[in-house]
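Reading through the structure tokens given below for one structure.
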Number of protein chains: 2
Amino acid sequence: MATTGNSRRRPTISDIAKAAHVSKTTVSRFINGRTDELSPDLAARVEATIRELDYHPSAVARSLRSHRSYTVGVLVANIATPFGTSIVSGVSERLREAGYTAIVVAADDSAQRQGELADTLLRHQVDGLIVNSATDKDHDLVRLGDRGVPVVLVDRAVEGADFDIALSTYDASMRALVEHLAEQGFARAALFTEPFVEVGPRRDRHEAFCAVDCGAFGSPDPEADVFVVNPWEHETVDAALDELLATTDGPPAIVATNTLTLIGAFNAIQRRGLSMPQDVGLCGPDDWGWAHRMGWDWPESLGPGVTTMVTRPYSMGFAAADLMVTRLAQPERAHETRDIPTDVVFRASTLLGRAQAS
Amino acid sequence: MATTGNSRRRPTISDIAKAAHVSKTTVSRFINGRTDELSPDLAARVEATIRELDYHPSAVARSLRSHRSYTVGVLVANIATPFGTSIVSGVSERLREAGYTAIVVAADDSAQRQGELADTLLRHQVDGLIVNSATDKDHDLVRLGDRGVPVVLVDRAVEGADFDIALSTYDASMRALVEHLAEQGFARAALFTEPFVEVGPRRDRHEAFCAVDCGAFGSPDPEADVFVVNPWEHETVDAALDELLATTDGPPAIVATNTLTLIGAFNAIQRRGLSMPQDVGLCGPDDWGWAHRMGWDWPESLGPGVTTMVTRPYSMGFAAADLMVTRLAQPERAHETRDIPTDVVFRASTLLGRAQAS
DNA sequence: TTGAAAGCGCTACCAC
DNA sequence: GTGGTAGCGCTTTCAA
């Protein structure tokens, strides 16, 4: 019994008001938790009615009226990657804690799609935008910021944009890495990087490498130690490896600018039947925060183990969402940068000194 | 110049109507693409005004009025997994094609959170729900379906729910796998599985295994060949492996019910210093559609290479979204099941016959 | 402490 | 073809 039975359409605030013999205002107050402004008996009556009719307030109507949706748009450059996924997880978790819902969309590394998606999100009245940008220069995004839309960046900076941002700087760990290579007795350090330098971290790592290359290896022209490869095309990686070996006197060490390139280089080394670290050293970033949380330490399983700089995308995402929550609460505060530290984990692939000793 | 300059607040349809000297209705018709109902000159005027004022229609107001949000809720059991990610990618792509926006939320494998999130999504007036369920029995979800909310399931069925669903069945590939093990001369097939059988595919694979175990190995009691392990706790996997070896006369082969268990078993085999396939065979599902798209074939890199059943989460997601788009267009059509095929890729870890021959 | 009424930005319906 | 107007479900004054 008692099942009111019929009406297929979802009950509205008016239905509740009518059924509970109170005004819509009262119901509104109740569902917004301002129970202190209500007499206990009314509150109880409203609550019971809500239960009975299985009432769920419409977030849409609420947003329209209040101009707040408790929704944050999350624009991620590439979600098909553990790095992107981890960012999303971190963001979602923090937003959920704070009572916000994340609307996640993926730009598939396309600057154009990024623009369209930002548009879509804004139409949906998101309270703010958390952006892991597919591109270095997004003029529209900058304009949004000027227009007063709260924007927080993750991992990748955008030119000319003064936003809150959560990222990792790579100077310190890149320095540690390259100095380590020199100490281990490698003859030369080479940077393997993908062609596009449109994205921030890749460029940062590139620059950090060049800066350190001079000091540690006394390289007169660091750019000569940079090899552009496309991990999707084996031949380009093989060619770079061949050239590197042919032009180096003694074992060189490869530094990859991202995980994909690292794996690509690893595969090339295997194809050539070379052994690490004796013939060639290998190291690069471990952007895959996810792997560790899955209990699987991939750099450990790759050949003899690969030396990596560990980034923490989950933490970046979490920090970014935290920045957003803070800004939403205090729109006028100064922009803040959160630097999520990265560490270097040394493994067999670069331990040339030890390998030679034994 | 010409920048209208001032008003910070976003223009509304009324602003456009006023500025273009037309009615709101006309503007509405234009932004909804019903240009055939408009005289070309009016359309042009409206378009120009929209450009000039940088007008973006409010999806919120539109949803409130029209009861359609062009938004689909995507509830994924665990997004921190390549499997979940791939589903999301597939779903998002198909939805975007069809003009819908995906609102993705992750349940972190919690049935309770799944319920809460479904709630949140419905408050936001999503037109439908695509669910990769964290649990086998979700009574609330079934109720939603009864209430007329369009629901499509991905990969995991829900008890008592008659919904559209996109999944993979495992009978055929499990049969191929186990028969292959028998042919290769393994003495026994053993299923390594995680404790909870709440989720569909794991249970399906379990059942498929038992059915095939009798036939291929003539096992009188297939359940005796099932070992429950927890991949997160090494000891449980080690213990299962030890017991398996102690109670089998000749090399046994392990079949894992999911990728995590497969990796766990692999690690245990390494810890015991056993070699594959001579001492023990190993195979299981490759749920990580993502890895292949990244250009990295992980089962190939694990030891001598691991035999896997390849599932296609991206395709499942895509198919699920397609089902949703179809249902939204034709709410009354019969429920449909899409079976995404899985294949078995044979690698060294189970090629006992070949290993012994050489 | 409670309620009446206006209105958020848009679409649907009905007139012209 | 075009426009006026009511109203989607809620919050927000303001008045009682």
Side-chain angles (χ1 to χ4, degrees), chain A residues 7-47 49-50 53-71 119-120 122-127, chain B residues 7-47 49-50 53-71 119-120 122-127:
Chain A
S7 86
R8 259 189 101 64
R9 109 182 191 300
R10 290 173 43 175
T12 74
I13 198 173
S14 300
D15 297 327
I16 304 299
K18 215 160 291 176
H21 303 290
V22 295
S23 74
K24 294 195 295 177
T25 313
T26 301
V27 179
S28 174
R29 283 185 179 122
F30 179 82
I31 61 185
N32 286 3
R34 302 134 129 228
T35 39
D36 51 319
E37 302 177 17
L38 290 180
S39 65
D41 52 322
L42 270 202
R45 215 157 78 216
V46 171
E47 176 164 26
T49 313
I50 286 178
L53 300 191
D54 190 27
Y55 166 70
H56 297 259
S58 152
V60 168
R62 180 192 305 227
S63 302
L64 179 58
R65 182 62 238 236
S66 67
H67 298 285
R68 292 212 75 186
S69 64
Y70 287 96
T71 261
D119 229 76
T120 305
L122 289 172
R123 277 172 154 67
H124 281 282
Q125 218 101 296
V126 292
D127 292 341
Chain B
S7 87
R8 256 189 104 62
R9 109 180 193 303
R10 290 174 42 174
T12 74
I13 197 173
S14 301
D15 297 327
I16 303 300
K18 215 160 291 176
H21 302 291
V22 295
S23 74
K24 295 194 295 177
T25 312
T26 302
V27 179
S28 174
R29 283 183 179 123
F30 178 82
I31 60 185
N32 284 8
R34 298 130 136 238
T35 40
D36 52 319
E37 301 177 18
L38 289 180
S39 64
D41 53 320
L42 270 201
R45 214 156 80 215
V46 171
E47 177 164 26
T49 313
I50 286 178
L53 299 191
D54 190 28
Y55 165 70
H56 296 257
S58 152
V60 168
R62 181 191 303 227
S63 301
L64 179 59
R65 182 63 242 229
S66 67
H67 297 287
R68 292 212 75 185
S69 63
Y70 288 95
T71 262
D119 230 77
T120 305
L122 290 173
R123 277 173 154 67
H124 281 282
Q125 217 99 298
V126 292
D127 292 340

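Lettering of chains follows the sequences in order, A, B, ..., and the numbering in each one begins at 1.
Which of C/dT11, D/dT12, D/dG9 sits closest to the side chain of B/Leu64 comes down to D/dG9. If you check D/dG4, C/dT2, D/dC10 against the side chain of B/Ser23, the one that comes closest is D/dG4.
Between the OH atom of A/Tyr70 and the P atom of D/dC10 there is a distance of 16 Å, rounded to whole Å. Atom NE2 of B/His21 is separated from atom P of D/dG4 by 13 Å (rounded to the nearest Å). The distance between atom CG of A/Leu42 and atom C1' of C/dG3, rounded to the nearest whole Å, is 11 Å. Following rounding to the nearest Å, A/Glu37 (CD) and D/dT13 (P) show an atom-to-atom distance of 13 Å. In this structure, B/His124 places its NE2 atom 21 Å from P of D/dC8, rounding to the nearest Å. If you measure from atom CZ of B/Phe30 to atom P of C/dT11, you get 13 Å, rounded to the nearest angstrom. Rounded to an integer number of Å, the gap from CG of A/Leu38 to P of C/dT1 is 9 Å. Between B/Ile13 atom CD1 and C/dC10 atom P there is a gap of 5 Å when expressed in whole angstrom units.
Residue whose closest nucleotide on DNA chain C sits further toward the 5' end, between A/Lys24 and A/Asp41: A/Asp41. Between B/His67 and A/Asn32, the residue anchored nearer the 5' end of DNA chain D, judged by the nucleotide with its closest heavy atom, is B/His67.
Remark: A/Ser58 is not in phosphate contact with D/dC10, judged by side-chain N or O atoms under 4.0 Å from OP1 or OP2. Side-chain N/O atoms of A/Ser66 include none lying less than 4.0 angstrom from OP1 or OP2 on C/dC8. Using a 4.0 Å cut-off, no side-chain N or O of B/Thr12 falls inside it from OP1 or OP2 of C/dC8. Applying the 4.0 Å criterion to OP1 and OP2 of D/dG3, one finds that B/Thr26 has a side-chain N or O inside that range.
Two residues are said to be in side-chain contact when any heavy atoms from C-beta on lie closer than 4.5 Å; A/Ile16 and A/Phe30 fail this criterion. Put simply, the side chain of B/Ser23 reaches to within 4.5 Å of the side chain of B/Thr26, judged on heavy atoms.
You'll find a donor-acceptor pair under 3.5 Å spanning the side chain of B/Arg65 and the base of D/dG7, going by distance alone. With hydrogens and angles ignored, a donor-acceptor pair under 3.5 angstrom links the side chain of A/Arg29 to the base of C/dG3.
Here A/Thr25 lies in heavy-atom contact (under 4.0 Å) with a base. Within 4.0 Å of A/Val60, counting heavy atoms only, lies no atom of the nucleic acid at all.
Put simply, CZ on B/Arg68 and CZ on B/Arg62 are 12.0 Å apart, with the number rounded to the nearest 0.5 Å. One distance of note links CZ of A/Arg45 with CG of A/Leu38; it measures 11.0 Å at 0.5 Å rounding.
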Quiz prompt | side-chain contact (heavy atoms from CB on, under 4.5 Å) evaluation trace for B/Thr71 with A/His124 | solution = CA-CA 10 Å; B/Thr71 262; A/His124 281 282; 3.4 Å; yes
